[in-house]
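Heads up: the structure comes next, in structure tokens.
We use all heavy atoms of the structure for the numbers below, so side chains are in, but hydrogens, waters and symmetry mates are not.
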Amino acid sequence: MERTALLRSLSCSSLACNKFLFSAPKHSRSFLSKSSSVFASTAARYHRRLVPNRSLLRRNSWRSLPRASSHSSSLRFGLNNKHFSSLSPRAVASPPTQPSSDIAGVGDEVAEKLGFEKVSEEFIGECKSKAVLFKHKKTGAEVMSVSNDDENKVFGIVFRTPPKDSTGIPHILEHSVLCGSRKYPLKEPFVELLKGSLHTFLNAFTYPDRTCYPVASTNSKDFYNLVDVYLDAVFFPKCIEDFQTFQQEGWHYELNDPSEDITYKGVVFNEMKGVYSQPDNLLGRTAQQALFPDNTYGVDSGGDPLVIPKLTFEEFKEFHRKYYHPSNARIWFYGDDDPSERLRILSEYLDMFDASTAPNESKVEPQKLFSEPVRIVEKYPAGDGGDLKKKHMVCLNWLLSDKPLDLQTELTLGFLDHLLLGTPASPLRKVLLESGLGDAIIGGGVEDELLQPQFSIGLKGVSDDDIPKVEELIMSSLRKLAEEGFDTEAVEASMNTIEFSLRENNTGSFPRGLSLMLRSMGKWIYDMDPFEPLKYEQPLLDLKARIAEEGSKAVFSPLIEKFILNNPHCVTIEMQPDPEKASRDEAAEKENLEKVKASMTEEDLAELARATEELKLKQETPDPPEALKCVPSLSLHDIPKEPIRIPTEVGDINGVKVLQHDLFTNDVLYSEVVFDMSSLKQELLPLVPLFCQSLLEMGTKDLTFVQLNQLIGRKTGGISVYPFTSSIRGKEDPCSHIIVRGKSMAGRADDLFNLINCVLQEVQFTDQQRFKQFVSQSKARMENRLRGGGHGIAAARMDAKLNVAGWISEQMGGVSYLEFLQALEEKVDNDWAGISSSLEEIRKSLLSKEGCLVNMTADGKTLSNTGKFVGKFLDLLPSKSLVERASWNVRLPSNDEAIVIPTQVG
């Protein structure tokens with residue numbers, strides 16, 4: 001299970017599997033969701049709004065590849081790409097394929113009475129659910145009702161919202177509709193709702209072509225409260241009648257006094273200024289708009305700060321009227337609640353509307369393919385420090401088809417993507433990182449969340465002179481792979497990794513029903529079959545049979561040739577660092593605002609100052625008590641008196657404490673081996689994240705790192721190694737550990753613990769060049785995090801002044817860590833022997849039975865059978881640490897600091 005945000009977990013994996021576990025949006029707004037850390041773990045092109053500080057992160061189809069240090073099998077598939085899995089039957093437990101008689105349904109007469117007609121019904125064996133597609137007869141609204149025994153109920157309503165320009169209407173509207181509605185006339189009802197809710201998810205997303213409003217809760221009353229608030233918010237928001245909400249969430253001129261300068265303000269405007277300051281985001285936006293110049297993806301649904309101020313209130317209102325209509329809606333229900341009650345709640349809202357033409361007006365037209373490649377050179381804001389000649393970025397991007405792909409081709413392409421880039425040992429990823437031409441990979445491979453699939457790959461931290469070399473290396477590597485194919489071991493490892501992830505269907509704290517909803521929506525939103533993305537069994541069998549019959553080369557090589565090598569719809573993006581860009585942009589904005597002010601009369605300026613004061617007063621005035629009373633909340637009677645208890649048996653194997661949790665896991669064994677980190681010398685702490693990465697990305701005496709990586713992929717569901725640190729209430733000393741996490745099918749428990757032992761004790765710290773790559777990659781990630789998550793960096797810095805745990809975390813993931821990496825980059829060349837020796841010292845300090853703990857979750861039979869393998873593993877550990885306990889009574893000095901970075905307001 002994933003740890004909560006209250007615990008400082010510096011996972012080297014950065015939850016690498018999340019990209020494929022969740023099909024996530026371009027912009028998302030999270031109301032302090034209990035599962036929001038899932039989205040936060042993968043940062044690149046999405047952003048989300050956190051109430052009340054309105055900070056944001058970004059992630060989308062544009063991102064650096066996930067850190068490879070922890071998940072040897074680096075699960076890039078999981079559930080997002082809909083069907084992917086593996087060919088290794090011995091590594092899976094087949095789910096039931098027959099419907100359960102216990103799953104409730106909706107009778108045709110009940111549906112008819114409530115105004116719905118049943119379109120189709122299927123039992124989805126892969127998720128053990130009965131899924132029924134309904135259509136609201138009056139409006140044409142489509143409803144997917146998924147019933148099963150999952151108590152974590154999910155609701156979502158999605159509208160197709162294709163923008164025609166980059167004023168950011170979809171994004172601003174997504175913010176604004178949640179600022180009060182007809183039945184809940186508060187400024188921000190969701191903030192109040194949180195105070196009396198047991199929600200497991202509460203969020204809103206803006207994609208390039210759709211807007212999604214999902215909620216989840218395990219409490220039925222709470223769930224229906226949330227559903228009602230969301231439905232009222234999207235269909236009857238106050239914002240379409242309240243100009244001040246538009247100003248607050250979108251943009252407005254601000255003038256405190258007629259004698260002062262006018263400025264731009266607005267939540268989305270400020271967010272997008274920050275987003276447009278981040279090089280990776282600029283590259284991604286440039287690529288998307290260049291790949292799709294002729295359809296809605298050629299503009300920014302989030303909003304371009306240069307264009308946002310052109311949006312008028314009338315356009316804003318019209319966009320809501322046109323697209324936020326039941327005729328344009330896809331509605332999802334999932335869980336163990338009453339399917340009839342779902343339709344009853346919906347009918348109360350949908351019956352208020354007549355059919356509209358929105359479905360025709362919101363259709364996304366496909367982009368026609370180019371006849372020849374395109375090259376674009378753009379500049380991005382960069383600081384003055386460092387060698388700017390080595391800060392270039394280059395990425396090659398292909399639009400793969402002029403129409404949606406068939407299921408089999410899509411599945412095979414996704415498999416190919418994992419083979420190319422999914423693990424540290426994947427050939428395209430490996431050759432780019434080992435080339436020394438750049439610091440980190442960008443692009444992210446295949447993306448199929450929009451109407452047409454894309455493929456992107458490149459490097460950042462590239463010297464100006466090396467850009468042509470990067471482009472040639474990408475193309476020559478792809479040509480070689482098309483000609484020679486992939487190793488049999490690599491194909492088997494990818495197959496096992498993908499299938500394990502699909503069958504495990506482990507979404508952590510993220511609601512499983514929401515993961516399924518986002519997968520289904522990837523087809524449904526384009527008027528395709530919403531059931532298809534939920535089913536992978538038959539397509540998987542067909543792909544297995546084809547590979548067995550024709551061989552992997554015959555399956556994958558034609559795809560590389562057709563969709564990449566012989567595809568003229570290629571856009572090469574080169575991003576050049578420009579230390580003057582930020583100041584030029586700021587000067588241009590200031591000049592524009594000066595012109596605006598010069599065009600105003602004294603009366604206009606006085607009125608603007610008055611309007612500014614009025615907006616601030618409204619923002620600062622609390623909602624009246626009578627308005628607060630309308631927000632639904634739970635009473636004590638609605639909350640279970642007894643907490644959910646996880647069965648835990650505390651035992652001992654060979655002198656080591658063992659925790660065992662007897663739970664149904666679909667034949668999967670989850671294990672954690674925990675080592676005490678308190679004996680580690682203080683000066684070695686910043687090296688710990690790189691130590692963790694080295695364990696999984698360097699070889700042994702007998703195995704190269706590629707062979708070890710493939711072995712883990714073939715025999716397990718993944719292994720990760722990461723540090724974990726937390727304060728302990730009432731104690732000065734922190735809790736600090738290294739955690740080795742692994743999972744496998746029950747029959748592979750012996751392999752799992754043998755491989756964990758191999759990783760911990762046999763990996764050799766001798767590959768200087770690979771370690772130098774790790775340092776460059778980590779430095780690039782930290783620099784990007786500094787630009788895109790400055791609030792988190794500042795919070796970690798403050799924490800480091802307050803307690804030892806905060807200081808340790810900052811040493812391994814804050815400004816201090818970035819400074820350490822900058823110095824280490826040079827030290828790798830000058831003192832590799834010293835660094836290698838330090839890595840060995842960390843290993844000697846950590847590995848021992850003393851202070852070790854083993855934590856396992858599986859069914860009772862599996863736990864009993866696994867004990868002997870755990871014992872064998874523990875016998876190979878030293879009895880005691882070879883290093884004495886260290887003292888870490890350290891904090892950062894409590895002096896004032898300012899961290900300046902080249903970014904705009906964010």
Side-chain angles (χ1 to χ4, degrees), residues 27 29 31 47 49-56 167-182 184-192 204 233 236-274 302-320 589-590 592-628 631 904-906:
H27 319 285
R29 161 180 176 150
F31 293 89
H47 77 258
R49 176 182 170 196
L50 294 173
V51 178
N53 62 5
R54 305 179 188 276
S55 61
L56 64 109
T167 54
I169 299 184
H171 186 193
I172 297 170
L173 193 55
E174 175 234 300
H175 278 243
S176 301
V177 300
L178 302 179
C179 292
S181 64
R182 176 196 60 175
Y184 308 102
L186 287 75
K187 289 188 296 183
E188 290 195 304
F190 294 90
V191 176
E192 294 300 322
F236 303 105
K238 288 173 54 184
C239 66
I240 58 174
E241 300 170 354
D242 186 355
F243 180 56
Q244 287 183 323
T245 298
F246 168 76
Q247 291 180 306
Q248 171 183 282
E249 301 299 324
W251 78 277
H252 64 277
Y253 294 124
E254 183 165 287
L255 182 65
N256 295 312
D257 186 275
S259 63
E260 298 178 358
D261 291 336
I262 295 176
T263 57
Y264 287 123
K265 285 293 166 67
V267 173
V268 169
F269 177 82
N270 284 342
E271 287 182 353
M272 298 311 294
K273 284 193 73 173
D304 183 336
L306 294 176
V307 185
I308 290 173
K310 297 178 182 179
L311 178 62
T312 67
F313 187 45
E314 287 67 29
E315 291 170 328
F316 173 79
K317 291 190 292 183
E318 175 61 17
F319 195 89
H320 179 272
E589 180 181 299
K590 185 177 181 181
N592 183 57
L593 288 169
E594 286 173 350
K595 291 179 180 178
V596 169
K597 185 175 182 180
S599 68
M600 291 183 173
T601 64
E602 291 185 6
E603 290 78 11
D604 293 335
L605 294 173
E607 173 58 23
L608 180 56
R610 185 201 62 76
T612 298
E613 180 63 27
E614 189 177 281
L615 179 58
K616 288 183 177 180
L617 180 62
K618 178 183 178 182
Q619 292 170 333
E620 295 167 359
T621 302
D623 289 307
E626 57 271 19
L628 294 173
V631 179
Q904 301 180 62
V905 176

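To the nearest 0.5 Å, atoms CG (L615) and NZ (K265) are separated by 10.5 Å. Residue Q247 holds its CD atom at 9.5 Å from CD of Q619, rounded to the nearest 0.5 Å. For the atom pair CG of L306 and CE of M272, the computed distance is 11.5 Å after rounding to the nearest 0.5 Å. One distance of note links CZ of F190 with OH of Y184; it measures 9.5 Å at 0.5 Å rounding. Interatomic distance, L593 CG to Y264 OH, rounded to the nearest 0.5 Å: 4.5 Å.
In this structure, the side chains of N256 and K616 come closer than 4.5 Å at one or more pairs of heavy atoms. No side-chain heavy atom of E602 sits under 4.5 Å from any side-chain heavy atom of P258. Residues T167 and I172 are not in side-chain contact: their nearest non-hydrogen atoms beyond the backbone lie 4.5 Å or more apart. Taking the side chain as every heavy atom from C-beta outward, F246 and C239 never approach each other to under 4.5 Å.
Formation of a donor-acceptor pair under 3.5 Å by the D261 side chain with backbone atoms of E594 is not found in this model. Put simply, the side chain of S181 never gets that close to the backbone of F236: no donor and acceptor are under 3.5 Å apart. At distances below 3.5 Å, not a single donor-acceptor pair connects side-chain atoms of N592 with backbone N or O atoms of E589. A distance-only check finds no donor-acceptor pair linking the side chain of K187 to the backbone of D623 [under 3.5 Å].
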Go through L605 and K597 one step at a time and tell me if the side-chain contact (heavy atoms from CB on, under 4.5 Å) criterion holds.
-> CA-CA 8 Å; L605 294 173; K597 185 175 182 180; 3.8 Å; yes
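Using bins of under 30°, 30° to 60° and over 60° for the plane-to-plane angle, the ring pair F316/F313 lands in the parallel bin.
Here D242 pairs with Q244, T245, K618 under the side-chain contact (heavy atoms from CB on, under 4.5 Å) rule; sequence neighbours left out. Listed by chain and number, the residues in a salt bridge (charged side-chain N to carboxylate O under 4.0 Å, His left out) with R610 are E607, E614 (sequence neighbours excluded).
Annotation: E626, atom CD; neighbour count of heavy atoms from other residues, nucleotides and ligands within 6.0 Å is above 12.
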